[in-house]
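The structure appears right after this line, and notes come after that.
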Amino acid sequence: MYMKEILIPAIILASLGLIFGIMLGIFAKIFMVKKDERTEKIEELLPGANCGGCGYAGCGGYAKAIVENGASVSLCSAGGTDTARKIGEIMGVTVEESEPMVARVFCKGATDKANIKLKYKGTEDCFYTKRMAGGPKECQYGCIGLGSCVSVCKFDAIHIIDGVAVVDEDKCTACGACVKKCVQGIIRIVPKSKSHAVLCSNHDKGAVAKNLCKVSCLGCKICEKNCPSEAVKVENNLAVIDYEKCTNCGICSEKCPKKIII
């Protein structure tokens with residue numbers, strides 16, 4: 001009698017388990033979504049940094065967008081042209097050689113060069129500091145130097161050195177994460193082959209700018225007057241290089257009296 005009380009419920013339970021198992025198997029077959037194997041192959045080619053430089057949430061999302069939505073195969077700056085070419089082979093498209101890009105910080109205002117107006121103690125975030133009297137430096141355009149850009153770089157390519165952000169161009173993949181994070185808007189993506197840049201973002205007139213920072217652009221136009229390819233122009237009191245015209249001759253760098261053109 002005792003065995004019967006145990007055996008019957010056990011048989012019922014096992015039968016129910018078997019029935020539900022069969023039903024789950026049938027439903028899995030009916031509702032199965034077939035995955036395009038190209039998505040998996042493309043995801044394996046991507047660097048896996050999930051930096052968001054392609055404009056998608058991560059490498060998986062980008063791979064899916066390429067296969068299912070026809071996204072460009074050349075959006076992964078971290079992977080570069082080689083990765084784009086391999087993805088192109090999978091998708092049957094030809095990838096042209098593209099100019100390698102890099103992030104560059106347009107400021108040289110280190111703590112021993114830029115005037116400091118207040119000593120900040122609080123959250124190490126440029127955005128919050130910017131909202132408090134515009135930041136610790138007198139120049140309202142320059143690098144705040146608290147490293148918000150550093151915190152979002154997944155390639156260890158940008159660091160704060162003497163109070164100003166500096167990019168390690170050998171590590172930079174031009175993903176653009178630091179550009180989006182910079183509250184000052186002084187980090188830009190530029191062609192890596194164009195080695196010269198005006199490392200200042202101050203738009204004040206020369207007399208004002210030089211009193212705020214020892215390495216500010218004076219807007220003197222010496223660089224503009226000496227550039228043989230007309231690639232340098234002073235706009236709104238600040239020298240700007242047109243990289244379409246720049247030939248890397250270096251004359252602007254040699255002539256700059258403040259040595260802010262590298």
Side-chain angles (χ1 to χ4, degrees), residues 21-106 148-159 165-182 185-197 229 231 240-248:
I22 293 171
M23 289 177 66
L24 284 173
I26 293 171
F27 286 136
K29 281 278 186 183
I30 293 173
F31 296 107
M32 179 178 67
V33 177
K34 193 173 181 180
K35 188 176 181 180
D36 193 320
E37 62 180 12
R38 294 178 299 175
T39 304
E40 191 172 333
K41 289 181 179 178
I42 291 172
E43 191 171 354
E44 289 175 357
L45 290 173
L46 295 170
N50 296 312
C51 62
C54 59
Y56 295 90
C59 295
Y62 177 42
K64 188 177 179 182
I66 292 172
V67 174
E68 297 183 8
N69 301 324
S72 170
V73 301
S74 305
L75 298 181
C76 179
S77 56
T81 304
D82 286 344
T83 298
R85 190 175 292 118
K86 291 174 183 174
I87 296 173
E89 290 173 0
I90 294 174
M91 297 303 295
V93 297
T94 303
V95 177
E96 302 293 335
E97 190 73 29
S98 60
E99 166 78 76
M101 306 295 279
V102 70
R104 200 164 285 162
V105 182
F106 285 72
S148 292
C149 52
V150 177
S151 69
V152 297
C153 180
K154 297 190 176 183
F155 305 97
D156 190 35
I158 187 165
H159 299 93
V166 178
V167 174
D168 182 339
E169 297 191 3
D170 291 331
K171 293 182 177 179
C172 180
T173 64
C175 71
C178 59
V179 176
K180 295 174 186 173
K181 191 69 176 179
C182 178
I186 59 169
I187 307 177
R188 298 164 208 154
I189 302 296
V190 299
K192 190 173 185 178
S193 64
K194 302 297 183 181
S195 56
H196 298 289
S229 56
V240 178
I241 296 177
D242 181 345
Y243 288 119
E244 293 290 327
K245 296 180 179 178
C246 179
T247 61
N248 274 342

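As a basis for the values below, the full set of heavy atoms in this structure was taken, side chains included, without hydrogen atoms, waters or symmetry mates.
The minimum heavy-atom distance linking V95 with G88 is given by the pair CG2-CA, 4.2 Å. The two residues Y56 and L75 have their closest heavy-atom pair at CE1-CD1, 4.1 Å. A103 and C178 get closest at one heavy-atom pair: CB-SG, 3.9 Å. Considering every non-hydrogen atom in both C149 and K181, the closest pair reads N-CG, 4.2 Å.
Looking only at distances, no side-chain donor or acceptor of N69 sits under 3.5 Å from a matching main-chain atom of A71. Using a distance-only test at 3.5 Å, with no hydrogens or angles considered, no donor-acceptor pair links the side chain of T81 to the main chain of E97. Counting only distance, with no hydrogens or angles, the side chain of N248 and the backbone of S193 share a donor-acceptor pair below 3.5 Å. Side-chain atoms of Y62 never come within 3.5 Å of backbone atoms of E43 as a donor-acceptor pair (strictly under, hydrogens ignored).
Two residues are said to be in side-chain contact when any heavy atoms from C-beta on lie closer than 4.5 Å; V102 and V190 meet this criterion. Contact annotation: the side chain of E169 approaches that of R104 to within less than 4.5 Å [non-hydrogen atoms, C-beta and beyond]. With a 4.5 Å cut-off on side-chain heavy atoms, I186 and V105 count as touching.
Heavy atoms of other residues, nucleotides or ligands lying less than 6.0 angstrom from NZ of K194 number more than 12.
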Pair T173-K154, side chain to side chain contact (heavy atoms under 4.5 Å, CB included): steps then yes or no: CA-CA 10 Å; T173 64; K154 297 190 176 183; over 6 Å; no
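Partners of K41 according to the side-chain contact (heavy atoms from CB on, under 4.5 Å) rule, which considers only residues two or more places apart in sequence or in another chain, are E37, I90.
The OH atom of Y243 sits 11.5 Å away from atom CD of E99, with the distance rounded to the nearest 0.5 Å.
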